[in-house]
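Letters go in sequence order (proteins before strands), and every chain restarts at 1.
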There are 2 protein chains.
Amino acid sequence: MNEKTSTLEQVAREAGVSPSTVSRILNGTAGVKDSKREAVERAISKLSYQPNKAAQALASGRSMTIGVLTQNIASPFYGECLEGIEKGLSGTGYTPIFANGHWDAKEEAHRIALLISRQVDGLIVLTGGVTDATLVEHARRIPIIVTGRQLQAPNLVSFWLDDAAAAREATQHLVSQGHQQIAHIAGPLDHPDSQARLAGYKAALQAAGLAIDERLIAQGDYSEMSGVLAVSQLLAARVSFSAIFAANDQMAYGARLALYQRGLRVPEDVSLVGFDDLPHSTYLAPPLTTIRQPTFDMGIAAAQTLVDMLLGKAPEPPEMALELVVRDSTRRLR
Amino acid sequence: MNEKTSTLEQVAREAGVSPSTVSRILNGTAGVKDSKREAVERAISKLSYQPNKAAQALASGRSMTIGVLTQNIASPFYGECLEGIEKGLSGTGYTPIFANGHWDAKEEAHRIALLISRQVDGLIVLTGGVTDATLVEHARRIPIIVTGRQLQAPNLVSFWLDDAAAAREATQHLVSQGHQQIAHIAGPLDHPDSQARLAGYKAALQAAGLAIDERLIAQGDYSEMSGVLAVSQLLAARVSFSAIFAANDQMAYGARLALYQRGLRVPEDVSLVGFDDLPHSTYLAPPLTTIRQPTFDMGIAAAQTLVDMLLGKAPEPPEMALELVVRDSTRRLR
DNA sequence: TATTTTTCTGACAACGCTTTCAAGATGATG
DNA sequence: CATCATCTTGAAAGCGTTGTCAGAAAAATA
């Protein structure tokens, strides 16, 4: 261990040119005579030279990295989005650096500070509880893309989707299939998303002239297990229902298991709708009707928009929408 | 945008001390008189100073980052492991930096080079096709932990699990339940894991005196869709079977869906066993019998072992094993 | 109190690269 | 062939830290 790496200066010496020239060849900053270029390239491969990114960042003031704040890297939801970001960044010279906020506003703020001290050139914040003010403040230094909120500020672009409308559509779908007793498994109510989805659910019921029965609203925390528990709770309440709209797919998975364990069939006995359209939802038995979130595309768009901002171009964030995907977990009641 | 950040020198000036003193306070490198310490701390918070990591890395030669090469950050399998690594690293001062190899040996080698040019202090390589030689070569410069292979080299620790034995155990479990026609959905055969799992499957059949019927071995690629296809293929072959052992959970999910679509019940008509024990497997309907991979613990162990190596301690990689987890997707044949 | 340790502290030289700046080389123009 | 614009190139000054060195201050010892 501890063999030394070669430096730009060694390459220069090996090739018989000055360090500046090597740097110029590396960055294409200026024209260089072919003979020297070749000598340098030979020296580079001979010494298997790799530029020291820390030194480059320090000298140039640009690290060519993008900080990405997620909440939970292991969740399939964020995974998709990260893939999108990686894809959107590929070929631009920028590399993503991920950090986890674990759904804790303090932690998120700390992680963002860490990313910034790591000299990231831009920031992508995927939802989370960090305050708008903090983001606006940071945006004075580096461009920021934030998803899941509506926020107007200089040097900051936000991607927002209308969760309430989508939730209304999902519920509306069940209503149009003849369901009258529709249960809802809500997400944590300190999440704006969860609130919006709950509001959408209620709005659809009201629009259809159906009563809102609080006993049909169970509280979950977006985890599978909470979906299982929610169904137990709904069943224990002894209010009958023919459909469940879960505020995310993971809770729908849990609900599906709980129903299975009680011998209730989906969709014959209970129709089930989720939210997110995680990759797995296609493979659920039966495939899950859900709201498709364009997570992957959003990742791509976030990356591209941020790069545009870094290049000084006017950002043109594309329009993105949630849409209902009807599969086999819902059926017409008769 | 483009407000300047404060530097150590500004802090020093503000506090009326030399930059060296500020550095010493930051790093606890030497004792400093309390009065100065307080002045510096006041200056730091006044200027909301954050040390520039790039400069620290350049000056100290240590970046306090660990490079982690995964294959696919969005896969639940890697997600678990990354969480473990993050957990194992928390509190050590080291931060993980993730890179994706996308199951391409060339790409992997490239990503590793990139991580190294980013001055990572250590490397964790989660499986993949990069050559042993490449890893051994890199280990001359920085400590490496690699999973999924048996490799002995200085400054390199490998975590290896006996996939063949576990696959034998899984198959054996089905045999002991009275199954005689057991199908296998294999993973991509250029993966050593897949080969080992297939070998374990065959070994168990042979040990039980059962014939190996190639028509009962379908080829998948570890994706859910390939599990769906594999079941179609097995069914089309018109050789009856009462159980399926899939080489990973994701293909088992696909198989479960395909069976559902054909009206075949799990476990009443077909018993199903997976491999990995992804978080979701507990929530499959029915919960999936599978081989538990200690992915999360492995992540923790990899991180801790690597940090030990970085601190010059003798690494003590813990023993880890695969184990069969029996749930409801398998049942005794009668 | 004089002397020796021990503790603090500031100067200053790295770390490996980028980026002026200005000079030298080359080519185009009249 | 002289003159001026354009390319190439190297020297040198940073970028923001750390870490060594040596002097200054404080504490301990004689």
Side-chain angles (χ1 to χ4, degrees), chain A residues 2-41 43-44 47-65 93 114 116-121 141, chain B residues 2-41 43-44 47-65 93 114 116-121 141:
Chain A
N2 278 325
E3 192 176 295
K4 299 285 282 184
T5 69
S6 44
T7 69
L8 181 144
E9 191 180 338
Q10 289 170 30
V11 170
R13 194 150 29 204
E14 172 78 25
V17 301
S18 76
S20 330
T21 302
V22 178
S23 170
R24 279 189 275 257
I25 290 176
L26 251 36
N27 303 301
T29 319
V32 170
K33 211 183 275 174
D34 278 353
S35 61
K36 304 217 173 193
R37 157 167 284 115
E38 279 159 26
V40 168
E41 277 164 359
I44 285 177
L47 300 175
S48 61
Y49 166 75
Q50 281 272 119
N52 179 324
K53 299 275 184 194
Q56 289 185 316
L58 183 57
S60 70
R62 279 164 290 118
S63 67
M64 300 307 283
T65 61
L114 237 49
I116 287 181
S117 78
R118 197 149 255 128
Q119 309 300 112
V120 294
D121 297 331
R141 315 213 5 59
Chain B
N2 278 327
E3 193 176 293
K4 298 286 282 181
T5 69
S6 45
T7 71
L8 180 144
E9 191 180 338
Q10 290 172 31
V11 170
R13 193 152 29 209
E14 172 77 25
V17 300
S18 76
S20 325
T21 301
V22 178
S23 169
R24 279 190 275 258
I25 291 176
L26 250 37
N27 303 300
T29 319
V32 170
K33 208 186 276 178
D34 279 351
S35 61
K36 304 217 173 193
R37 155 167 286 115
E38 279 160 27
V40 168
E41 277 165 358
I44 285 177
L47 301 175
S48 61
Y49 165 74
Q50 282 270 119
N52 179 323
K53 300 274 184 194
Q56 289 184 317
L58 183 57
S60 70
R62 278 166 290 118
S63 66
M64 299 308 284
T65 60
L114 237 50
I116 287 180
S117 77
R118 198 150 252 127
Q119 309 301 111
V120 294
D121 297 331
R141 314 214 9 56

Please state how far atom [atom1] in [X] lies from atom [atom2] in [N], giving the value in whole angstrom units.
| X | N | atom1 | atom2 | result |
| --- | --- | --- | --- | --- |
| A:Ile25 | D:dT8 | CD1 | P | 12 Å |
| A:Gln119 | D:dG16 | CD | P | 9 Å |
| B:Arg118 | C:dC17 | CZ | C1' | 15 Å |
| B:Glu14 | D:dG16 | CD | P | 17 Å |

* To do: Please report how far the helix from C:dT1-D:dA30 to C:dG30-D:dC1 bends, comparing the axis fitted to its first five pairs with the axis fitted to its last five, to the nearest 10 degrees.
  => 30°
* **Under 3.5 Å side-chain donor-acceptor pair for A:Ser18 and A:Thr21** => yes
* Asked: Do the side-chain N or O atoms of A:Lys36 get closer than 4.0 angstrom to the phosphate oxygens (OP1, OP2) of D:dG10?
  -> yes
Closest approach of [X] to [Y] (non-hydrogen atoms, all atoms of both residues):
| X | Y | result |
| --- | --- | --- |
| B:Lys53 | A:Gln119 | N-OE1, 4.4 Å |
| B:Ala57 | B:Ser63 | CB-CA, 3.9 Å |
| A:Thr7 | A:Tyr49 | C-CE1, 3.5 Å |
| A:Ala54 | B:Leu58 | CB-N, 4.3 Å |

Check nucleotides 17-21 of chain D for protein N or O atoms closer than 3.5 Å to its own N or O atoms and list the pairs.
from   : atom 1 : to      : atom 2 : distance (Å)
D:dT17 : OP1    : B:Tyr49 : OH     : 2.8
D:dT17 : OP1    : B:Asn52 : N      : 3.2
D:dT17 : OP2    : B:Leu8  : N      : 2.5
D:dT17 : O5'    : B:Tyr49 : OH     : 3.1
D:dT18 : OP1    : B:Asn27 : OD1    : 3.3
D:dT18 : OP1    : B:Asn27 : ND2    : 3.0
D:dT18 : OP1    : B:Gln56 : NE2    : 3.1
D:dT18 : OP2    : B:Ser23 : OG     : 2.5
D:dT18 : OP2    : B:Asn27 : ND2    : 3.4
D:dG19 : OP1    : B:Arg62 : NH2    : 3.0
D:dG19 : O6     : B:Ser20 : OG     : 3.4

* Whether B:Ser60 side chain and B:Gln56 backbone form a donor-acceptor pair below 3.5 Å ->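 Yes, the answer is positive, given that a donor and an acceptor are paired below the 3.5 Å cut-off.
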* **Nearest-neighbour nucleotide for the A:Thr21 side chain, C:dT9, C:dG10, D:dT9 considered** => D:dT9
* Sequence neighbours excluded, every pair satisfying salt bridge (charged side-chain N to carboxylate O under 4.0 Å, His left out) that has a member inside residues 14-32 of chain B ->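 Every pair satisfying salt bridge (charged side-chain N to carboxylate O under 4.0 Å, His left out) with a residue in residues 14-32 of chain B: B:Glu14-B:Lys46.
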* Under the criterion side-chain contact (heavy atoms from CB on, under 4.5 Å), which of B:Ile25, B:Val32, B:Leu8 is the partner of B:Val40? ->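 Among B:Ile25, B:Val32, B:Leu8, the one that satisfies the side-chain contact (heavy atoms from CB on, under 4.5 Å) with B:Val40 is B:Ile25.
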